[in-house]
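Report on the structure given below.
Order of the sequence lines fixes the chain letters, A, B, ..., with proteins taken first and strands second; residue numbering starts at 1 for each chain. Atom set for the values below is all heavy atoms of this structure, side chains included, hydrogens, waters and symmetry mates excluded.
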Protein chains: 2
Amino acid sequence: MSENSGSLLQLDSEHIQRAADILKTVAHPARLRIIDFLESGEQSVAQICKYLEAPQPFISHQLNLMKAKGILCSRREGNQVFYEVANRSVIEVIYCVRRHGHNNEACGAVSERE
Amino acid sequence: MSENSGSLLQLDSEHIQRAADILKTVAHPARLRIIDFLESGEQSVAQICKYLEAPQPFISHQLNLMKAKGILCSRREGNQVFYEVANRSVIEVIYCVRRHGHNNEACGAVSERE
DNA sequence: TCTATATATAGCGATAATGACATATAGTCA
DNA sequence: TGACTATATGTCATTATCGCTATATATAGA
């Protein structure tokens with residue numbers, strides 16, 4: 001009855017849309033590096049800026065994007081704001097992609113042409 | 001010395017870029033559904049079109065995008081072309097995202113506002 | 001209150017992704 | 001060869017994303 005008959009991942013359209021949304025948000029070099037940096041624990045905006053060597057408004061924007069998607073959460077302490085990864089499973093996603101990269105390097109599966 | 005000191009995921013800029021690229025390609029409802037559909041094995045373009053109820057040029061475009069990134073691979077048989085997932089780790093990525101979705105549903109971590 | 005610091009938001013031009021459509025190519029069979 | 005089926009490609013308007021700059025807000029301390 002459902003549109004996903006035959007789907008082993010059991011993704012209905014709602015889950016699909018949500019998954020695409022999360023993935024799209026993570027699929028950005030700066031945001032990946034931020035998540036990577038936060039993997040070891042929370043960091044202030046200033047520390048993240050320093051680590052990525054990027055302007056503060058840019059970082060703030062990326063942080064807010066990820067926070068809006070529930071990927072990060074934040075905590076204010078004085079006039080600093082600390083961000084951390086809200087859900088470890090996002091880290092897992094990146095691990096998977098990294099593993100994918102390695103597998104592909106190994107077998108040279110990147111074929112741009114036929 | 002490297003730019004990723006402190007990074008536990010050990011992603012250098014090359015890997016970061018590649019990971020972002022893969023994720024960006026996967027981060028699309030139609031492409032997610034295609035991967036989902038192909039999870040159980042190869043399918044022809046026509047079968048994928050039927051499953052997604054989408055026009056053939058649209059599906060072909062999505063398939064070619066994913067093939068170019070090494071996510072899918074294809075095989076011609078007569079005048080049909082069969083596509084399959086080139087690397088199981090992409091499936092893992094989707095599993096992770098799905099798990100992420102579930103975790104977030106459970107704890108209601110999606111906070112659009114402060 | 002004023003000032004300094006830390007962070008967030010708004011506006012904008014450039015660029016890229018999306019999806020629809022028309023058309024081209026490849027293979028099969030008569 | 002020609003007709004037919006299956007798939008791929010090109011064009012294009014719309015929309016979304018990107019990253020920069022200027023500015024706004026929030027907090028702390030004097």
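- Evaluation of the side-chain hydrogen bond (donor to acceptor under 3.5 Å, both in side chains) rule for Gln56(B) yields Ser60(B) as partners, not counting sequence neighbours.
- Under 4.0 angstrom from either OP1 or OP2 of dT17(D) there lies at least one side-chain N or O belonging to Lys24(A).
- Side-chain atoms of Gln47(A) come within 3.5 Å of backbone N or O of Ser44(A) as a donor-acceptor pair.
- A donor-acceptor contact under 3.5 angstrom links the side chains of Asp12(B) and His15(B), judged on distance only.
- In this structure, the CD atom of Gln62(A) is 7 Å from the P atom of dC18(D), given to the nearest Å.
- In this structure, the CD atom of Gln17(B) is 12 Å from the P atom of dC18(D), given to the nearest Å.
- His28(A) places its NE2 atom 11 Å from the P atom of dT17(D), with the value rounded to the nearest Å.
- For the pair Leu65(A) and Asn79(A), nearest-nucleotide mapping onto DNA chain D gives the more 5' position to Leu65(A).
- Distance, Arg33(A) CZ to dG19(D) C1': 16 Å, rounded to whole Å.
- Taking a heavy-atom distance under 4.0 Å as the criterion, the stretch of DNA chain C touched by chain B extends 5' to 3' from dA17(C) to dT28(C).
- With hydrogens and angles left out, the side-chain atoms of Ser89(B) and Glu92(B) include no donor and acceptor closer than 3.5 Å.
- The separation between Phe82(B) atom CZ and dT7(D) atom C1' is 12 Å, rounded to whole Å.
- Residues satisfying the side-chain hydrogen bond (donor to acceptor under 3.5 Å, both in side chains) criterion with Glu77(B), sequence neighbours excluded, are Arg75(B).
- With pairs defined as Watson-Crick or G-U wobble and both atom distances under 3.5 Å, the stems of at least three pairs that touch DNA chain C come out as C:1-30 with D:1-30.
- Under the 30°/60° scheme for interplanar angles, the aromatic rings of Phe58(A) and His28(A) are found to be tilted.
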Please tabulate the protein-to-nucleotide N/O contacts below 3.5 Å involving nucleotides 9-14 of chain D, giving atom names and distances.
{"unit_1": "dT9(D)", "atom_1": "OP2", "unit_2": "Asn64(B)", "atom_2": "ND2", "d": "3.2"}

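- Applying the side-chain hydrogen bond (donor to acceptor under 3.5 Å, both in side chains) criterion to Gln43(B), with sequence neighbours excluded, gives no partner residue.
- Protein atom NZ of Lys67(B) is 7 Å distant from nucleotide atom P of dA8(D), rounded to whole Å.
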| said: Does Lys69(B) form a side-chain contact (heavy atoms from CB on, under 4.5 Å) with Asp21(B)? I'd like the steps, not just the answer. | reply: CA-CA 8 Å; Lys69(B) 300 295 180 186; Asp21(B) 229 41; 2.7 Å; yes

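- Regarding Asp21(B), its CG atom lies at a distance of 15 Å from the C1' atom of dC18(D), rounded to whole Å.
- Using modelled atom types, one side-chain atom of Arg31(B) and one backbone atom of Thr25(B) make a donor-acceptor pair closer than 3.5 Å.
- Salt bridge status for Glu39(A) with Arg88(A): present, with a side-chain N to carboxylate O gap under 4.0 Å.
- Distance Arg75(B) CZ to dA6(D) P: 16 Å, rounded to the nearest Å.
- A cation-pi contact, defined as under 6.0 Å to the ring centre and within 45° of the axis, is absent between Arg76(A) and Phe82(A).
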